[in-house]
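Everything numeric here is computed off the predicted structure, so don't read it as measured data.
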Amino acid sequence: MRPLNPEETLQKIKALAEEGLDPYVNAYRYEVTAKAEELKAKFSYLQPGEETEHRVSVAGRLWHVRRHGGITFMDLRDESGRIQLVVRRDIAERSERLSRTLKFLDKGDIVGAKGRVIRTKTGEISVLAEEIEILSIAWRPIPFHEFGVKDPEQRYRERYLDIMLNSRVRGAIVGLYKVEREMRRILDEKGFIEVHTPKLQPIYGGALAKPFVTKINALDRTVYLSIAPETYLKRLVVAGLFKVYEIAVSFRNEDIDATHYPEFVQLEAYQAFADWEDMMSLGEELIAEAVRALYGSYRVEREDGTVLDFSRPWPRVNMVEAIEEALKTRVRDMSREELEELAGRLGVEARDPRAGKIMEKIFEKVAMPRLRNPTFVTMFPRDISPLARPSRQDPRFAERFELYIAGLEVANGYSELNNPVLQYYFFKEEEELRKALEAESHPMDRDYVRALEYGLPPTGGIGIGLYRLMMAITGLPSIKDVIPFTITSPENIELVSESLQELAHRYL
RNA sequence: GGGCCCGUAGCUCAGCCUGGCAGAGCGGCGGGCUUUUAACCCGUAGGUCCCGGGUUCGAAUCCCGGCGGGCCCGCCA
């Protein structure tokens with residue numbers, strides 16, 4: 001690997017160019033015929049020392065270079081895994097280009113290699129290289145090996161290094177893709193339509209959060225980045241798309257912590273003629289099958305040793321009952337004042353005009369931390385659920401649930417409120433609330449109520465926080481770990497290239 | 001918004017409490033080596049101790065301010 005030293009880098013580049021090996025001149029494409037892990041599986045039958053005539057070409061980044069004088073071993077990493085390249089002196093002596101190239105190879109470089117598949121004397125399935133091309137150069141030292149990048153600042157500033165070196169982070173990013181693919185497959189099979197709803201919205205809604213405010217120049221109009229796709233998806237149900245979903249990026253202008261980030265991805269699905277129970281079942285299926293697609297099992301053993309069991313069905317616990325069981329106290333008929341007093345005794349800060357908000361806080365304090373395996377918490381207070389349908393059993397509560405996994409709130413869903421009179425009434429309530437305190441409230445959305453006036457079928461909906469889900473199943477401690485790139489404050493970046501501008505003319 | 005902690009070589013970190021030559025391992029560079037797996041052996045270079053100010057004969061170390069980062073609490077998923 002090269003030192004972070006422009007002068008030495010310059011000498012290397014010049015020397016490469018003189019030998020006709022400059023990859024910025026030579027290497028525009030490379031024919032790849034095999035992947036590392038596929039080769040190791042396919043040739044696992046080889047005995048130590050056995051060689052084949054099977055010629056392959058592989059490409060990737062050099063991970064280790066072990067030079068032994070007459071023989072060199074290199075580990076090449078591609079997107080499937082690692083495979084060893086072997087360069088023997090007797091072969092290199094027959095190819096001047098190979099022996100010249102070999103001198104320049106450095107840990108971190110991107111190379112392509114052609115050769116025969118063998119198993120070495122010590123048992124490693126390898127490509128015995130006959131040709132090697134330098135395809136790109138690592139100008140900067142990459143912090144390889146056992147240490148990797150630990151400095152949290154460098155991890156986030158140079159995230160490509162963290163993703164390159166940290167297999168858990170890479171696994172979470174690839175894992176999210178597999179989760180989304182499996183969820184799409186299931187929803188497609190059930191006849192759901194995938195759509196995109198506006199990210200630029202004149203009225204934000206579908207959740208209670210501060211929005212990002214921006215402007216459409218063409219219309220000279222203030223708009224908000226979507227905090228949730230919910231109200232648009234339900235407009236589509238009104239329109240007759242009775243099974244509809246979106247994997248939506250949502251933006252909320254709130255603080256960043258271990259479980260919150262201002263932009264995040266959620267899958268929201270709506271199904272006409274279904275209620276909250278159906279949506280719990282759908283959520284179970286989507287998540288359990290995604291986990292199985294990822295790990296081949298409904299049981300996940302996490303890095304920290306804990307095991308999560310996604311076998312269905314998952315427990316469904318009533319919020320009030322969960323609190324009462326934890327506290328051994330009857331809370332279901334408590335007034336707002338009594339709840340506030342209880343919260344005070346529990347050390348829960350809850351000054352809010354809504355009794356339901358205080359109830360939720362108490363729940364999060366006393367009952368939520370106990371929930372490890374996937375558990376639905378049901379019957380959320382009605383006054384903190386302005387888009388949900390009141391319970392057919394007790395109108396103080398909504399037919400609303402949240403899903404908790406490993407102490408994280410991962411999903412939220414309900415029987416959708418389809419009564420326009422009640423929806424308008426709840427929006428008015430929210431407006432009053434906004435005046436009464438600084439807390440976020442749902443803005444009045446007259447167009448949404450108008451849509452309901454055309455008739456929304458009885459509908460169930462669910463939103464699944466996909467980053468939270470990845471945190472839960474990987475055990476990674478911060479939501480930033482599962483997001484490919486997060487924002488960092490500005491820095492002065494020193495570039496090798498800036499001091500080597502004299503090279504630019506070579507390539508034009 | 002409140003509190004706690006961190007910043008030393010390319011990477012991982014020690015040194016700081018109790019002020020006295022800037023350190024280790026890995027990596028780099030040079031040499032050797034035809035079966036290694038973080039190869040090994042010999043040699044060697046490499047520093048804005050985050051920045052600024054103060055105390056002191058003397059500051060990586062103590063004090064003040066700033067910058068960058070992390071964690072916890074409050075609020076939003």
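- One finds no side-chain N or O of A:Lys365 lying less than 4.0 angstrom from the OP1 or OP2 phosphate oxygen of B:rC73.
- Comparing A:Arg67 and A:Asp90 against RNA chain B, the residue whose closest nucleotide sits nearer the 5' end is A:Asp90.
- Using a 4.0 Å cut-off between charged nitrogen and carboxylate oxygen, A:Arg389 and A:Glu399 do not count as a salt-bridge pair.
- Here A:Arg66 reaches the OP1 or OP2 of B:rA39: one of its side-chain N or O atoms lies under 4.0 Å away.
- In terms of phosphate contacts, A:Lys361 brings a side-chain nitrogen or oxygen within less than 4.0 Å of OP1 or OP2 of B:rC75.
- For B:rA39, one of the phosphate oxygens OP1 or OP2 lies less than 4.0 angstrom from a side-chain nitrogen or oxygen of A:His64.
- Only the P atoms considered, B:rG25 is 16 Å distant from B:rA9, to the nearest whole Å.
- Contact between the side-chain N/O atoms of A:Thr72 and the OP1/OP2 oxygens of B:rU34 is not found at any separation under 4.0 Å.
- For the P atom pair drawn from B:rG69 and B:rC75, the interatomic distance equals 25 Å after rounding to whole Å.
- A:Lys480 has a side-chain polar atom (N or O) that falls below the 4.0 Å cut-off from OP1 or OP2 of B:rG70.
- Taking the P atoms as reference points, B:rG3 lies 39 Å from B:rG47, given to the whole Å.
- Comparing the same atom, P, in B:rA59 and in B:rC17 gives a spacing of 14 Å after rounding to whole Å.
- To the nearest whole angstrom, the two P atoms, one in B:rC29 and one in B:rG46, are 15 Å apart.
- Considering only residues two or more places apart in sequence or on other chains, A:Glu96 meets the side chain to side chain contact (heavy atoms under 4.5 Å, CB included) condition with A:Arg100.
- Base contact: A:Tyr261 has a heavy atom under 4.0 Å from a base atom.
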**Request:** Could you go through the ring-ring contact (aromatic ring centres under 6.0 Å, His included) check for A:Phe376 and A:Phe401 one step at a time?
**Result:** CA-CA 6 Å; A:Phe376 289 110; A:Phe401 64 88; 5.4 Å; yes
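- Salt-bridge check for A:Arg168 with A:Asp481: failed, with every basic side-chain N at 4.0 Å or more from each acidic carboxylate O.
- Atom name P, nucleotides B:rG28 and B:rU55: the rounded distance is 46 Å, in whole Å.
- Note: CG (A:Leu85) to C1' (B:rA39) measures 16 Å, nearest angstrom.
- The gap from the C1' atom of B:rC4 to that of B:rC41 amounts to 48 Å, rounded to the nearest Å.
- Summarising the geometry, the separation between CG on A:Leu165 and C1' on B:rC26 is reported as 14 Å, rounded to the nearest angstrom.
- As rounded to the nearest Å, B:rA22 and B:rU48 have C1' atoms that lie 14 Å from one another.
- Closest to the side chain of A:Thr120, from the set B:rU37, B:rC11, B:rC76, is B:rU37.
- A:Glu124 comes within 4.0 angstrom of a nucleotide base, judged by non-hydrogen atoms across all strands.
- Judged by distance alone with a 3.5 Å cut-off, a donor-acceptor contact links the side chain of A:Asp257 to the base of B:rC76.
- Rounded to an integer number of Å, the gap from CZ of A:Arg89 to C1' of B:rU36 is 16 Å.
- Close to B:rU36, at under 4.0 Å from its OP1 or OP2, lies no side-chain N or O of A:Gln84.
- Of the possible donor and acceptor atoms, none in the side chain of A:Asp75 sits under 3.5 Å from a partner among the backbone N and O of A:Trp63.
- Of the two residues near RNA chain B, A:Asn412 and A:Gly70, the one whose nearest nucleotide lies more 5' is A:Gly70.
- Across the protein-nucleic acid pair, A:Ile118 atom CD1 and B:rU36 atom P stand 13 Å apart, rounded to whole Å.
- Salt bridge present: A:Lys12 and A:Asp106 bring a charged side-chain N and a carboxylate O closer than 4.0 Å.
- Stacking between A:His68 and B:rU35 is absent: the aromatic ring centre is not both under 5.5 angstrom from the base six-membered ring centre and within 30 degrees in plane angle.
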